There are 2 protein chains.
Amino acid sequence: MKYEKKIPMRKDCGLHLFKELLNGKWKLMLIYYISTGFKRPGELQRKICTADRRVLANQLNELVVHGFVSKVIFDTKVPKVEYELTDLGKSLLPVILNLEAWGESNRAVLERALTV
Amino acid sequence: MKYEKKIPMRKDCGLHLFKELLNGKWKLMLIYYISTGFKRPGELQRKICTADRRVLANQLNELVVHGFVSKVIFDTKVPKVEYELTDLGKSLLPVILNLEAWGESNRAVLERALTV
DNA sequence: CCTTATAGGGATTAATTTATGCGTACTTGC
DNA sequence: GCAAGTACGCATAAATTAATCCCTATAAGG
């Protein structure tokens, strides 16, 4: 059962489009890791081990529904699933790397800010 | 009274540093508008008129506390306040413009994604 | 047979963030 | 005096997001 929003979404600028779709706690990280070759749910979960399995699964599902990631289900005896980035997902990589670079290059001051 | 987090903050990568500090609904927009010359609380509120005054004030206060914005209080008869970007706030502008550009250049597909 | 691994999910609670109700205080202009 | 403008803030409710509880099912390895 999908959660129905009560307050309308904001689509008035690119910042809000980004936020409405990619605000999830692990979404950008998932896209990044998928881009670096971690494609299977189990792999991703081990990579992001502080996140609960179901939270990651929910975020991955949303990424699929919104068209950032596609899900490939293999018809093998033992269940096997792989995620891969769509073109839309790939278009996000430069943005993610930019965000990551900003954060890392300001790490010292940002960590101090977090303690205030 | 500041809200005390019960779940520890994630500082493990630049993406999380960014998110912990700038996840607020209007924060990036406020930084952007301040950079374009809208410096006073009233101006900003009229510019972002769908947001409640108190919500904007809270987000501005956090931006000040975290060092993205500084607040100048003029000692005039009629209250007058101006915000301006710190160096840290300015360092964020390219990132914001990058996000905004990504969102706008993918607007069509993103708006469709929001309806799913 | 039992453990570990694969992958999944509905229902509920907890945590966090945003919105709102109801105030303060001062000044200018009519 | 009163309305409108400047700016601010506590306390609470509502909305949203994340975390957790308790499950299913199959296969391989020992």
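Below, read A as the first sequence line, B as the second, and so on, with proteins coming before strands; counting in each chain starts at 1. Computed from a prediction, not measured in an experiment: that's the story for all the values here.
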With a 4.0 Å cut-off on heavy atoms, is [X] in touch with a base, just the backbone sugar-phosphate, or nothing at all?
{"X": "B/Glu20", "result": "nothing"}
{"X": "A/Glu43", "result": "nothing"}
{"X": "A/Val55", "result": "base"}

Can you measure [X] atom [atom1] to [N] atom [atom2] for me and round it to whole angstrom units?
{"X": "A/Leu44", "N": "C/dG8", "atom1": "CG", "atom2": "C1'", "result": "15 Å"}
{"X": "A/Leu56", "N": "D/dT17", "atom1": "CG", "atom2": "C1'", "result": "14 Å"}
{"X": "B/Phe74", "N": "D/dT6", "atom1": "CZ", "atom2": "C1'", "result": "14 Å"}
{"X": "A/Tyr3", "N": "C/dT12", "atom1": "OH", "atom2": "P", "result": "16 Å"}
{"X": "B/Asn58", "N": "D/dA13", "atom1": "CG", "atom2": "C1'", "result": "15 Å"}
{"X": "A/Leu63", "N": "D/dT17", "atom1": "CG", "atom2": "P", "result": "14 Å"}
{"X": "A/Gln59", "N": "D/dA18", "atom1": "CD", "atom2": "C1'", "result": "8 Å"}
{"X": "B/Asp52", "N": "C/dC22", "atom1": "CG", "atom2": "P", "result": "14 Å"}

Using a cut-off of less than 4.0 Å, is there contact between a side-chain N or O of [X] and OP1 or OP2 of [N]?
{"X": "B/Lys71", "N": "D/dC8", "result": "yes"}
{"X": "B/Lys77", "N": "C/dT27", "result": "no"}
{"X": "A/Arg40", "N": "C/dA7", "result": "yes"}
{"X": "A/Arg46", "N": "C/dT6", "result": "yes"}
{"X": "A/Lys80", "N": "C/dT6", "result": "no"}
{"X": "A/Lys6", "N": "C/dT18", "result": "no"}
{"X": "B/Gln45", "N": "D/dA7", "result": "no"}

**Report entry** B/Arg112, CZ: over 12 other non-hydrogen atoms inside 6.0 angstrom
**Finding:** no
State which of [options] makes the closest approach to the side chain of [X].
{"X": "A/Val81", "options": "C/dG8, D/dT20, C/dT18", "value": "C/dG8"}
{"X": "A/Val78", "options": "D/dT20, D/dT17, D/dA28", "value": "D/dA28"}
{"X": "A/Lys25", "options": "D/dA19, D/dC8, D/dT20", "value": "D/dA19"}
{"X": "A/Ile7", "options": "D/dT6, C/dA19, C/dA7", "value": "C/dA19"}
{"X": "B/Arg54", "options": "C/dA15, C/dC22, D/dA15", "value": "C/dC22"}

Query raised in the report: Which sits closer to the 5' end of DNA chain D, A/Arg53 or A/Asn23, going by the nucleotide each is nearest to?
Result: A/Asn23
Report summary line: Result for 5'-nearest mapping on DNA chain D, choosing between A/Trp26 and A/Lys5, is A/Lys5
What are the two closest heavy atoms between [X] and [Y], and how far apart are they?
{"X": "B/Val95", "Y": "A/Asn98", "value": "CA-OD1, 3.6 Å"}
{"X": "A/Val64", "Y": "A/Tyr83", "value": "CG2-CE2, 4.0 Å"}
{"X": "B/Leu28", "Y": "B/Ile96", "value": "O-CD1, 3.7 Å"}
{"X": "A/Glu43", "Y": "A/Gly37", "value": "OE1-O, 4.1 Å"}

Query raised in the report: So which one's nearest nucleotide on DNA chain C is more toward 5', A/Arg10 or A/Tyr83?
Result: A/Tyr83
Query - Note: B/Arg10-B/Asp12 ion pair, threshold 4.0 Å (strictly below) - result: no
